[in-house]
Amino acid sequence: MMGRVLPVCFSRVLAMLLLVSSVVLAEKFGDITMVRVGGELLPTIDQGGYFCNVNMRFRVTNTGVKSATLRVVMREPDAIRQVRLEPGASTLLNLQAPMTEFHASYYYRSQPTFSIWVNGVNYPHGFHFAGYREHVKGFLFSNSLPGDTLKYLFYWKLGKNATDKSYTASDSMENWSRNVYDYMGYSVIWIDANEYVPDDVKKVLRQWMFDGGRLVRCVMPEDKWPDDVPDKGGVNVERFGKGDMVTFRPFARKQREKEFDEFMNKARAYETYQPELGVDLPAIVNRQGYDLLSAKMQTETELALTNAVTLFDKSNKKSLAIESPKVSLGPLMLVMLLFAVLVGPVNYLWLRKRHKEPLLLLTIPLISLVFCLMVVFFVSFSFGFKLEGEISAFTYFDQNEKVASSVFLCSLMANSSNRKELVFGETDHLVIMEKCSLFVLDKAGMVLDPSILKPRTPLNYIVRRCEQRNERIRCILKDGKAEFVNGLPVPMEHFIARDAEGKAFKSTGKIAEGARHQMDACGNTDVAKVMEPNKLMTELCEKKLLKANMTSMDMDLLFHYLPKGSFLAICSKPCFSTPGILPDKGRANYVVFGPVTWE
Amino acid sequence: MTLDDLSDRLNPVFVKETRQLFHNKTVLTTLVLLLVAELLMHLIIALNYSSMHESTLEDLGMISFVIQQVMVGLAILIICIGRAPMIFTQERSAKELDYSRISVISPRSIVIGKVISQVVVMLDIYTIAMPFMFIAYFLRGVSIPQMVGWSMGIIPIYVLFIQFGLMLASFGKKNLLGFIFIFSYVGAQALVPIGLGFGSGHLGGDVVFSIFCYVITFIFASTLLFSLTVAVITSFGNRVYWLRLLGLANLLLLIALNGSLSLCRRKISWYDADDFLAFSSFLILVQFFITVIICLFERDEPGARVMAERPDGRVRRFLRFLLSSGRAGGLAFSWLYLLIWGAAVLGWMLLAPVELFLAGDAVASVFYIIAFYLLFYIQFALILVRSFRKLKPEYAGILVFFLLFVIPFLLASVMCFENGEFGDYWMLLVTTPVCCARSVEIGWLGMLFCLVTLLPLCKYVYASMKRFVFEEKEAK
C-alpha cells in the first residue's frame with residue numbers, strides 16, 4: 001500500500017511545484033496564452049477609510065487559427081473584461097477594479113478570484129493573490145538621514161498616530177523604485193533635502209504625492225536652505241493633488257518650544273484639509289492612456305471634469321440629473337385599505353359563516369397575489385419600463401492636433417430592472433455620483449454590471465474621454481459667402497462659427513453628416529478673447545443652454561463665448577462614442593467646440 | 001373531493017393544528033394588528049411624502065421594507081415561534097394530551113405535521129405583507145432582487161427557528177419557553193445579515209455558490225433538528241436510529257457532492273472547490289459533534305424493544321447495531337463515521353486534480369483532527385462513567401472538557417501566548433485541537449489519544465456487538 005501511495009504523493013508534490021512555477025509565468029487556455037505581466041493589490045489611505053485597489057495586467061495571445069473570445073471575470077472586487085482576438089493577435093489586458101472600502105479594520109482580506117472563459121468554456125487556472133495583506137501605515141526614511149531624525153518625528157508628528165511604523169530605506173535614493181505602487185501605503189516619506197534624486201524617482205514621488213502622500217524634505221542644521229523653496233520661517237508646504245511636499249528644518253522640542261508649538265499648529269491646519277471630492281484620485285492609475293495625448297488637452301479635460309463634478313454636485317443636481325417621478329400614494333393607500341378589509345375581516349367572516357376557516361390558508365395568498373399584481377400594474381403603467389436618460393456632452397475638438405476631449409454628464413434611470421451592460425472604452429475615466437457623494441472609478445475598457453442601475457433610482461455619472469480623432473469640419477469663405485462642411489459622423493442641429501477676423505456666422509436647421517451648408521452672417525461683435533472650453537461648458541450648464549430645441553436667441557448667446565477662428569456645433573446624437581449606454585428615451589445634447597481654420 | 005375528504009388524506013396533526021389556528025384569538029388579533037400597522041406606516045409615509053428630502057426619498061423603500069420585515073418578524077415570532085412550541089410543551093408535559101402516547105401516529109408524522117402547519121402559517125403571514133412590500137419597491141431604494149434575497153434569506157431562518165422551538169418544546173419543560181421566545185427573535189434578527197450576506201453573494205464569493213451553500217446548510221440544519229425532535233419524542237423504541245441514519249446520509253451526500261462537483265468544475269463557473277471542501281467539512285464536523293455527544297448520554301445496552309426488533313441476518317443486524325440506541329453502537333458508529341470521512345479526505349488528497357490541490361484539504365484535515373479530539377474526550381468520559389458508576393455522564397463530560405481542554409488552554413494562554421502565537425510551552429496544548437494552530441502535524445496526536453482511549457472500551461463494544469448480532473431472539 002505504502003509502496004503505491006508514496007510515489008503518488010511525490011508525483012502530486014512535484015505537480016504542485018510545477019503548477020506554482022507555471023502560475024507565476026504563463027498559462028494556456030485552449031488557443032489563448034495568458035501571461036501575467038503585472039498586478040497589484042494597492043492599499044491606499046483615503047480620508048480615514050481603508051481601501052483596496054486591484055489592478056491586474058496580462059499579456060494575451062491567440063496562438064490558434066481561429067478567432068477566440070476571452071472573458072475574464074474577477075470577483076471581490078468585481079470586474080469583467082472581454083476581448084476578441086484574431087489568430088496570432090496579442091494584446092495587453094488590464095483588469096482594474098475600483099477601490100473597495102473596508103471600514104473599521106486595519107487589516108483587510110482581499111482575495112480576488114478569477115474565472116477565465118475562452119469561447120464560452122471555463123478553464124481552471126492558477127492565478128491568485130496571497131490571502132491577507134496588512135494595511136501599511138507608516139513612514140519611510142531615506143537612509144541618508146542622520147539616525148536622530150526619528151526623534152524629530154515624535155516632536156513634530158506629521159503622521160496620524162503613534163502606532164505608525166517607520167521603515168528606513170535599504171538603498172540610496174538613486175536606486176529607489178521607479179514604480180509608484182511601491183510607495184503606496186506609506187503616508188509620509190522623509191528624505192534629505194540636499195540628497196540627489198533622479199528625475200524618474202522625482203516623477204513617481206510626485207505621482208505618489210498626488211494621491212495623498214506627504215513628502216518631507218529635511219534641511220539639516222548645517223545645510224543651506226534650498227534655493228527653489230521659499231523660506232517661511234523654517235517650513236514650507238507645497239500642494240500636489242491630495243498630498244503635499246513639506247520642506248523644513250528639524251529642531252529639538254526642548255530647545256525651541258515656542259517654535260515647535262507654532263509649527264504644530266501649522267501642521268494641524270494641514271491635517272484638517274479635505275481634498276475636494278477626490279477628483280484627483282485616479283491621476284496615477286489611468287495616466288498612461290492620457291500621456292499619449294497632448295498635455296494641453298489633458299489639462300483641459302482635467303479642468304472640465306473638475307467643473308463637471310462641481311456642476312453635478314448637490315446644489316446643481318436638479319438641473320442636470322433626472323428626477324425620479326414620485327408615486328401617487330393617495331390612490332395606492334385606498335387600494336391597500338381595500339386589500340386590508342378584504343383579506344382580513346371580510347375574508348374571515350365569510351369563511352366563518354360557512355365553517356371553513358382553514359381555507360384562510362388558501363384565500364389569503366390568493367387575495368394577496370391579486371393585489372400584488374394590481375400594485376405592479378398600477379405603478380408600472382404609470383411610469384413605463386424604459387431606460388430614461390439625460391445626457392449632456394461637451395467636446396473640445398482640436399482639429400489641428402486631432403484630439404477630442406469630451407466630458408459626458410449622464411443621468412440614467414431604469415423604470416424596471418436594467419439588462420444592458422455599461423461598456424466603457426480604454427480611454428474612459430468614470431466618476432459615479434450617488435446620494436450626493438462621489439466615487440471616482442477607473443474602468444478603462446470595463447463592462448459595468450447592469451445591476452449598477454437600480455430600478456427607479458437615478459444613476460448620475462460623468463465620463464471623461466480623451467482620444468485621437470480624424471474628423472474634420474471645414475469652413476469656407478468664398479466671395480463673401482460662408483459655407484461649412486459637416487465632417488462629424490452625426491447630423492448637426494445648429495452650427496455657429498467665427499472667422500479669423502471675428503465675423504460671426506450661423507447655420508440653422510438640420511445638417512446631415514458630410515453635407516455642405518451655407519451660413520448666414522450675424523452682427524454679433526461680442527468676441528471672446530480666449531478659447532476656454534472649460535468655462536464655456538460651465539456656462540452652458542449653469543444657464544441651461546445645453547438643449548436640443550435651441551432658439552435663435554439661445555444661439556446668439558453662445559456667440560459670446562466664441563473667440564476668433566472657432567466653431568460650436570450642437571448635435572442630438574453622440575459624436576464621439578457613447579457614454580457607456582444608450583437610453584431608450586430621454587434628452588441628449590452634444591456640444592462640440594473648438595478652433596477651426598477657414599479656407 | 002370535498003374539504004373533509006382532503007383533510008382525511010392530509011397529515012392529521014397538520015389538519016388539527018390548522019383547524020385550531022383560526023379559532024385562536026391571539027392569532028387573529030396578531031394578524032389584524034399586522035394589517036393595521038402596515039396601513040398606518042404607509043399612511044404616515046403618504047402624509048409626509050411630498051415634503052420629504054431627496055436623500056430620504058432615495059432610501060424610503062428600503063426603510064419601509066426593513067420596518068415591514070420587523071413587523072412581519074414580530075407576527076411570526078408570536079404565532080409560529082412562540083405560540084406553537086408553547087402548545088407543544090403543554091401537550092408533552094400532560095400525558096393525556098401527548099400524541100406520541102395517546103395515538104398511533106408516528107413521532108415523525110407528529111413532527112412533520114407540527115412543522116409544516118407552522119411553516120404554512122408563516123408563509124401566509126408573509127403573503128399578507130407582500131402587497132405592502134411591492135409598494136416599498138416603488139418607493140425606491142430597494143430592488144426586487146434585494147427584497148427576494150432578503151426574504152429567501154430570512155424565511156429559512158424562521159423555519160429553522162420554528163423547528164428549534166419545537167425541538168426544545170418536545171422535552172416538555174415549560175422553563176425552556178422563555179428562552180425559546182427571546183432567543184428566537186434575537187437570533188433570527190441577528191441571523192438576517194448572514195442570510196442577506198448569502199443572498200447578496202458577500203459570503204463565499206460567487207452569488208450562486210453562496211446560495212448553494214446556504215441551501216445545503218438549511219437542508220442540513222433542518223433535517224438535523226427534525227431527527228433530534230423525533231429522537232426526543234420517541235417514547236418506545238429506537239431513539240437515535242433516524243439521527244444516525246441521517247448523519248451517515250449527510251456524510252455520504254457531502255462527500256458525493258464534493259467529488260461530483262470537482263469532476264464537473266470546468267462546466268460550473270460558480271463552484272469554488274476550496275471553499276466548498278472547507279464548508280462541507282465543517283458541516284460534517286457539526287454532525288459528528290452531535291453524534292458523539294449523544295453517544296455519552298445513551299443507555300449502556302440497547303433496550304429490550306430494540307433487541308426484539310432486530311432484523312434477521314448478521315450483516316443487517318450489525319448495521320442495525322451501528323444505528324440503534326446504545327453507547328457501544330454509538331461508539332462503533334462514530335468510528336465508522338470517522339473512517340469514511342478519513343477515506344474521503346485521503347481520497348481528496350491523493351486523487352484530486354492538481355489544480356484543485358490548494359488550501360481546502362488543509363482545512364478539511366484540521367476539521368478531521370478536531371473530530372478525533374471530540375471522540376477522544378467522549379471516550380475518556382465513557383471510561384470514567386464506566387469506572388465510577390455513580391458519576392453521571394454529563395458531569396463526566398464536563399470534567400473531561402475542563403481537564404483536557406479548558407485548563408491546558410488557560411495555562412498555555414497565561415504562560416506562552418504572545419504576539420498571536422503560543423511560544424515554548426505549546427506542548428501544554430497537545431490535549432486540545434488548538435495545537436493545530438502550531439502545526440497540523442502535531443494535531444494528529446489526537447488520533448493517537450483516540451486510539452489509546454479506545455483500548456479500554458474495546459472489550460465492552462465487542463461484547464455488546466456480539467450480544468446484538470449473534471444472540472438469538474427470545475421466544476415470545
Side-chain angles (χ1 to χ4, degrees), chain A residues 5 8-9 12 15-16 18-19 73 75-76 111 113 115 117 121-126 128 131 317-318 323-324 326-327 329-330 332-333 335-337 339-340 343-345 348 351-352 356-361 364-365 368-369 371-372 374-376 379-380 383 417 435-436 451 454-457, chain B residues 3 7 15 18-19 21-23 28 31-32 35-36 38-39 42-43 45-46 49-50 54-55 57-59 61 120-121 123-124 127-135 137-146 201-202 205-206 265-270 272 349-350 353-359:
Chain A
V5 170
V8 176
C9 288
R12 289 281 151 194
M16 273 282 290
L18 284 173
L19 173 74
V73 182
R75 296 281 175 228
E76 282 187 81
Q111 275 183 301
T113 55
S115 57
W117 302 74
V121 179
N122 185 21
Y123 283 87
H125 63 88
H128 68 280
K317 208 172 171 183
K318 276 190 178 174
E323 262 194 89
S324 180
K326 289 182 176 177
V327 183
L329 280 180
L332 267 181
M333 274 305 295
V335 174
M336 285 299 105
L337 187 66
F339 165 72
V343 84
Y348 177 71
L351 287 170
R352 194 182 170 188
K356 289 179 179 172
E357 290 94 332
L359 275 181
L360 278 167
L361 291 175
I364 288 174
S368 181
L369 192 69
F371 273 83
C372 279
M374 279 171 70
V375 173
V376 172
V379 187
S380 294
F383 302 110
S417 295
K435 285 183 195 165
C436 311
S451 63
K454 290 172 190 156
R456 307 183 43 72
T457 306
Chain B
L3 191 66
S7 65
V15 174
T18 44
R19 276 184 195 279
L21 203 73
F22 294 106
H23 289 111
L28 294 173
L31 291 179
V32 170
L35 278 170
V36 172
E38 294 269 14
L39 277 173
H42 282 89
L43 187 68
I45 290 174
Y49 192 57
S50 53
E54 182 67 16
S55 58
L57 284 175
E58 282 186 5
D59 279 333
V120 169
V121 175
L123 291 175
D124 253 34
T127 52
I128 286 180
M130 233 161 63
F132 296 99
M133 287 181 199
F134 270 83
I135 295 180
Y137 163 62
F138 289 107
L139 288 176
R140 287 200 281 149
V142 61
S143 65
I144 292 280
Q146 272 178 309
H202 286 115
D206 194 278
R265 70 196 175 280
R266 288 193 179 194
K267 289 176 184 167
I268 312 170
S269 61
W270 51 263
D272 187 325
M349 289 171 82
L350 297 178
V354 170
E355 69 266 19
L356 293 181
F357 199 75
L358 297 169

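Below, chain A is the first sequence line, B the second, and so on; all start at residue 1. For clarity, every value in this text was computed on a predicted model and none was experimentally measured. No hydrogens, no waters, no symmetry mates; every other heavy atom, side chains included, goes into these values.
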(request) Please name the pair of heavy atoms, one in B/P131 and one in A/S368, separated by the smallest distance, quoted to 0.1 Å. (result) CD-OG, 3.3 Å

(request) Return the minimal non-hydrogen interatomic distance between B/I128 and A/I364, and the atom names on each side. (result) CG1-CG2, 3.4 Å

(message) At a 4.5 Å cut-off on heavy atoms, which part of B/L28 comes close to chain A: side chain, backbone, both, or neither?
(response) side chain

(request) Report the distance from atom CG of A/L360 to atom CG of B/L21, rounding to the nearest 0.5 Å. (result) 9.5 Å

(message) Within this structure, what is the CZ-CZ distance for the pair B/F134 and A/F371, rounded to the nearest 0.5 Å?
(response) 14.0 Å

(message) So which atom in B/L35 and which in A/A340 form the shortest heavy-atom distance, rounded to 0.1 Å?
(response) CD1-O, 3.8 Å

(request) Pick whichever of B/V32, B/L31, B/I135 has the most heavy-atom pairs under 4.5 Å with chain A. (result) B/I135

(message) Rounded at 0.5 Å granularity, tell me how far CG in B/L39 sits from CE in A/M333.
(response) 5.5 Å

